[in-house]
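Just so it is clear: chains get the letters A, B, ... in the order the sequence lines come, proteins before strands, and each one is counted from 1.
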Amino acid sequence: MKSFILATILLLSVSLAVAAETQTLVSDAWVREAPPGASMLAGYLTIENPFDEDQVLVDVSSPRFAHVMMHRSEMVDGMARMIHEESITIPAHGKTELKPGSYHLMMPAPDLRLTTGDTVPFVLRFANGEQLEVSAEVRKP
Amino acid sequence: MKILRIIPVLLSLVLILSCGQPQTPALQQGTLLPQAKVIGDFSLVDQNDQPFTRERLKNHWTFAFFGYTHCPDVCPTSLAMLAQMQRRLEKAGTPELPDVIFVSVDPERDTLATLATYVPYFHPDFLGVTGEPDEIHSFTRRLGILYGKAENDSGENYLVDHSASVLLFDPDGNMRAVFGPPHDPEKMANDFIAIRNYYEESQ
Ligand SMILES: [Cu+2]
């Protein structure tokens, strides 16, 4: 009986530890170094959703930019265009990549030009209330 | 017996190879126009405030990409790709490197000063070109390049939809090939050499 309780406690604590680690994961966050004179910047990152339900990214902000928009570039019949997105969905147990030519963050370039090696903080807010802080590195792709 | 059967094949190969007409190159990325497209005169201006006319396309090869500097995703990606292509050609010791121009499809916002810092950032030899909105419109239309302000967009922060193709002009100033997206710098470089060899053999 004693060993059974112990085993149960052990099991419980293991599953608790796993639960604590289960959270939305953001990786490879970066901002493209832009040429001098560029008025807009693009940011990219990968979001992994370990949950059983879709995660919906509803807002992105950064103290370094007046505003951060969610965008998607699209190629249709050889035409490139950008579309404003109100939100970006990360499927349950899946991931969504914000990458060149696809989903991206778009923000007005700050007065002081960002160059390779700078870091930029972003706050991501999801529909379920989860909030994540990420640090993005400025770099040339 | 087997050898006898191969002989006609060999003979026809020799015939094809020795024939005056060079064979159309098989391209990895681009599409060669069946006939060079003559585009007529145009009057644009480069980032250094110099006239950019048809004459400027002559006596060298020119790659052209069309975009706008407020575009932070597709345009820098394409310009960086063209820079990679150019560096590949440089490393391979390619004689007479092609020129690369970036033609603005947003002449209202892309000033000469902006183009002069923006375009050479990708490669010091790259040249920004713009002009009067009417001139840009007429020039691009003849090339099959489309663009327009995105719908539902107003104010200063409008977006521009635009063709993402790269065009190649020959030393006569005529359009020779179109490279549709997505672009690979190595394939572009290989295609350029193949097209140029074909052009020189055809002269
Ligand atoms: Cu965008």
Side-chain angles (χ1 to χ4, degrees), chain A residues 29-45 60 62 64-86 88 97-116 120 122 136 138-141, chain B residues 31 47 65-81 83-84 102 105-106 109-124 126 128 144-153 156-167 178-183:
Chain A
W30 62 287
V31 169
R32 181 196 295 274
E33 185 192 276
S39 55
M40 289 296 187
L41 302 182
Y44 308 97
L45 45 91
V60 183
S62 167
R64 296 297 294 270
F65 306 111
H67 57 269
V68 181
M69 292 172 283
M70 288 182 275
H71 267 197
R72 183 165 53 89
S73 296
E74 189 183 65
M75 291 285 180
V76 181
D77 300 328
M79 290 280 282
R81 69 170 181 200
M82 282 196 289
I83 298 147
H84 288 279
E85 298 283 353
E86 291 300 320
I88 295 174
E97 283 177 84
L98 281 71
K99 59 181 181 188
S102 175
Y103 287 111
H104 57 273
L105 305 176
M106 181 154 144
M107 44 272 176
D111 291 338
L112 194 64
R113 186 172 164 243
L114 293 170
T115 52
T116 300
V120 181
F122 285 100
V138 177
R139 65 174 196 237
K140 287 188 190 186
Chain B
T31 306
Q47 66 190 32
F65 180 72
F66 304 80
Y68 63 116
T69 70
H70 279 58
C71 153
D73 185 47
V74 169
C75 299
T77 303
S78 299
L79 282 165
M81 179 283 303
Q84 278 180 34
F102 175 81
V105 292
D106 186 15
R109 289 185 299 187
D110 287 341
T111 63
L112 296 183
T114 306
L115 288 170
T117 53
Y118 187 94
V119 181
Y121 163 87
F122 295 94
H123 189 292
F126 286 9
I145 294 292
L146 306 172
Y147 64 92
K149 283 183 192 175
E151 285 170 38
N152 312 323
D153 251 316
E156 272 179 36
N157 291 319
Y158 59 86
L159 304 172
V160 183
D161 300 345
H162 58 94
S163 297
S165 296
V166 173
L167 307 184
V178 181
F179 299 80
H183 302 109

So which atom in [X] and which in [Y] form the shortest heavy-atom distance, rounded to 0.1 Å?
X: A:Gly101; Y: B:Asp73; value: N-OD2, 2.9 Å
X: A:Tyr44; Y: B:Pro72; value: OH-O, 4.1 Å
X: B:Asp161; Y: A:Met82; value: OD1-N, 4.3 Å
X: A:Met106; Y: B:His70; value: CE-O, 4.1 Å
X: A:Glu33; Y: B:Tyr121; value: OE2-OH, 2.6 Å
X: B:Thr114; Y: A:Gly37; value: CG2-O, 3.6 Å

Inter-residue atom distance [X].[atom1] - [Y].[atom2], 0.5 Å rounding:
X: B:Tyr68; Y: A:Met40; atom1: OH; atom2: CE; result: 9.0 Å
X: B:Thr77; Y: A:His104; atom1: OG1; atom2: NE2; result: 9.5 Å
X: A:Met79; Y: B:Ser165; atom1: CE; atom2: OG; result: 10.0 Å

Toward chain B, the part of A:Ala38 with a non-hydrogen atom under 4.5 Å: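 Contact with chain B involves both backbone and side-chain atoms of A:Ala38.
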Chain B contact via A:Pro100 - side chain, backbone, both or neither, heavy atoms under 4.5 Å: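 Answer is both: backbone and side chain atoms of A:Pro100 are under 4.5 Å from chain B.
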Largest heavy-atom contact set with chain B, pairs under 4.5 Å, which of A:Arg32, A:Lys140, A:His71, A:Glu74: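 Most pairs with chain B among the choices: A:Arg32.
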Test item: B:Asn157 and A:Met69 side chains (from C-beta on) under 4.5 Å apart, heavy atoms: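 B:Asn157 vs A:Met69: side chains apart.
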Engaged part of B:Pro181 at the chain A interface, taking heavy atoms whose separation is under 4.5 Å: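 For B:Pro181, the side chain is the part near chain A, not the backbone.
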